[in-house]
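Excluded from the calculations below are hydrogen atoms, water molecules and symmetry mates; all remaining heavy atoms, backbone and side chain alike, are included. Labels below follow one simple rule: chain letters A, B, ... track the order of the sequence lines, proteins then strands, and each chain is numbered from 1.
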There are 2 protein chains.
Amino acid sequence: MSRVTIKDVAKEANVSVGTVSRVINGEKNVSKENKQKVLKAIETLGYVPNTYARGLVSGKTNSISIVVPMIRTDFYDRLINSVDCVLIENNYESSIFPLLSEYRLKKFLEKSSILYHSDGILMSSLPVQKLFKDGVVPTEKPVVLIDMESNFYDCVYIDNHLIGRIAAKILLEKTTNLYVMTFIEPDTIFTSGVFKKRIEGFEEVLKENNLTFSSKKVFHSELNLHYALNEAMSILKRIQKFPVGFFATTDLFGYGLILAANNLNLEVGKDIFIVGVDGQPWTEDIGLTTIKQPIEEMSQLATNILLDKMNSKFSMSSRKSVKFDPLVIRRNSA
Amino acid sequence: MSRVTIKDVAKEANVSVGTVSRVINGEKNVSKENKQKVLKAIETLGYVPNTYARGLVSGKTNSISIVVPMIRTDFYDRLINSVDCVLIENNYESSIFPLLSEYRLKKFLEKSSILYHSDGILMSSLPVQKLFKDGVVPTEKPVVLIDMESNFYDCVYIDNHLIGRIAAKILLEKTTNLYVMTFIEPDTIFTSGVFKKRIEGFEEVLKENNLTFSSKKVFHSELNLHYALNEAMSILKRIQKFPVGFFATTDLFGYGLILAANNLNLEVGKDIFIVGVDGQPWTEDIGLTTIKQPIEEMSQLATNILLDKMNSKFSMSSRKSVKFDPLVIRRNSA
DNA sequence: CTGTTAGCGCCTTCAT
DNA sequence: ATGAAGGCGCTAACAG
């Protein structure tokens, strides 16, 4: 523990603790002279405000919590970095809480979790309704959701249904011989169901075009390239009719398909058309047409909304629900 | 803010705040009768202890901070999960702090960072000497290092030099035509230099065997499979002499090499031998011989050491420095 | 075993 | 503009 307190600083500077407190908190009702003295005292004593004491009385920590389902994908990496950029400008810090296990979830269900010891909570890609009792995060602090729709909390998200629709439209320009490669989310309370929504949108467009589409045309893979490549090989080998179009519900699967196609001497953009999702930077290298989620913009907006909420003394600010549009990046795969 | 305090509970249960406090903190000097009353009152009132008040007086938060360089690799994923397992048993929580940017580092240099608002700090793969002024983490809380040697802090690490040596010995059983595929850490204060050490160990053995080894035989890649695969393809295409042996300083690169080899119709375990590092679970699927870091064991031990430190009232417990041995897992790639 | 009480370090009126 | 004083909610020491 830091032994030097506001009292010591006051003594050193020959002022009262009240004055020191005012200086620390950047109030203006302090004479320049005294301000200098206090600043100097703080410097020489190496004083650091005690956050607990501060939190006890004011309830502020100048930090927010970021809750994500996992932390080892490009998506969350970019998200966290974007959030941090906004926090920097506002002199905030962030702690990260990946919802890695049931145990962690159990902790997060309790009001006393350190998750809620910050000034606000940013939650990404998590099905709040399923996760929390009555769909309510157990805290009075402001909560903003990213990549998830909600009728109760502020949220910034993208229409995954629309992503599927767009993918279908792009592919239909090329062929009606269509397949899907996706990830089957295990149906636990952790899953948000985005992949499902993408496929629903996709099928919807096919139906609108009077095309039949059976579940036999939906293949699945795990979320790693190794698996995706294997699966893509096996799928492509079985396909009889070309050209063929693939909706890859995430770029990774598009990658697998391209690798497999190369391997089987299928020409991408001619024998096989592929549309991925996420707009990962490396899709450019492999020429994958992709539907980008503007993660950076979404994250930044969500952070700003959260900061606003936190700093508006009146909690009457209305709920914001911002839907972003997917961004189509066309390359030679479709 | 939770409006109900310990006082309210005391009133509701017809006991004193002292008794309530004892119940909350699991002390045994409480009659069963009173304990029940208090528990019931807590239940009906929905009381939640205020952490700031608690922290103010006792300095405890029942949480630790985990600091890692980044969060999107298998390594840190496993590390964090292992730490969590130990925390579960001890009713602790963890916050995660990835050192993603210079800005974050700047924050972490200040004593007031939320990083230090926990009861202890677990730091992984970070060059404390370079990062912090005088090599000292700005906190009085206990600090334990994982995957990093130190003369000052408790640490649990593995001999990366030895990993390189082992890899060389395995490969030399097969061929003397050796290459390295590694990650070139930018030489910033963030980098720990583990890759470099692995290569040094590798070269050392070659020298001991009177084999020349030039830096031309060291190829590098970024830490993602896409890049690794591309690089592996380009390397393998240029190689004239087979069989060839590759030291992949992390499993990911071994994966890239295997994929590339398959693609180029090279037989792994015959035309090309590969040794990876880390012992990732998926190496089994792809038949990659790997040198495992016992991440789980290391993480768990480090956590236990930290918990010990935190709970020993006397800070005189001696510094512990534990070196783990790498574990060789042989498969058909070498 | 239980109640009482003195702070922990800080912010915030309230006088001055 | 400044100082004095009263808590914030809790733990821990002490007295019973």
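- A straight line from CD1 of A:I6 to C1' of D:dT2 spans 14 Å, rounded to a whole angstrom.
- A donor-acceptor pair is defined here as one N or O able to donate and one able to accept, closer than 3.5 Å; no such pair exists between the side chain of A:K309 and the backbone of A:V143.
- Evaluation of the salt bridge (Lys or Arg N to Asp or Glu O under 4.0 Å) rule for A:K7 yields no partner, not counting sequence neighbours.
- In this structure, CG of A:L56 is placed 4 Å from C1' of D:dC8, rounded to the nearest angstrom.
- Taking only side-chain nitrogens and oxygens, B:R54 comes nearer than 4.0 Å to OP1 or OP2 of D:dT11.
- Protein atom NZ of B:K7 is 10 Å distant from nucleotide atom P of D:dC10, rounded to whole Å.
- Contacts of A:S95 classified as side chain to side chain donor-acceptor pair (under 3.5 Å), with partners at least two apart in sequence or in another chain: none.
- Recorded end-axis angle for the helix from C:dC1-D:dG16 to C:dT16-D:dA1 stands at 40°, based on five pairs per end and rounded to 10 degrees.
- In this structure, A:N25 atom CG and C:dC10 atom C1' are separated by 9 Å, rounded to whole Å.
- C:dC1 atom P lies 15 Å from atom NZ of B:K37, rounded to whole Å.
- Remark: B:N50 is not in phosphate contact with D:dC8, judged by side-chain N or O atoms under 4.0 Å from OP1 or OP2.
- For the pair B:H117 NE2 and C:dC10 P, the computed distance is 12 Å after rounding to whole Å.
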Output one line per pair: protein atom, nucleotide atom from nucleotides 2-5 of chain C, and distance, for all N/O pairs under 3.5 Å.
unit_1	atom_1	unit_2	atom_2	d
C:dT2	OP1	B:S31	OG	2.5
C:dT2	OP1	B:N34	ND2	2.4
C:dT2	OP2	B:S31	N	2.6
C:dT2	O5'	B:N34	ND2	3.4
C:dG3	OP2	B:S16	N	3.0
C:dG3	OP2	B:S16	OG	3.2
C:dG3	OP2	B:T19	OG1	2.7
C:dG3	N7	B:R22	NH2	3.3
C:dG3	O6	B:R22	NH2	2.4

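- Residues satisfying the salt bridge (Lys or Arg N to Asp or Glu O under 4.0 Å) test with A:D119, not counting sequence neighbours, are none.
- In this view, A:E296 and A:R78 satisfy the salt bridge (Lys or Arg N to Asp or Glu O under 4.0 Å) rule, not counting sequence neighbours.
- For A:Y52, no side-chain nitrogen or oxygen approaches OP1 or OP2 of D:dT11 to under 4.0 Å.
- Listed by chain and number, the residues in a salt bridge (Lys or Arg N to Asp or Glu O under 4.0 Å) with A:R22 amount to none (sequence neighbours excluded).
- Listed by chain and number, the residues in a side-chain contact (heavy atoms from CB on, under 4.5 Å) with B:P98 are A:I96, B:V68, B:I71, B:I96, B:L100, B:R104 (sequence neighbours excluded).
- Without hydrogens or angle criteria, B:K141 side chain to B:Y116 main chain gives a donor-acceptor distance under 3.5 Å.
- Residues satisfying the side-chain contact (heavy atoms from CB on, under 4.5 Å) criterion with B:E110, sequence neighbours excluded, are B:S112.
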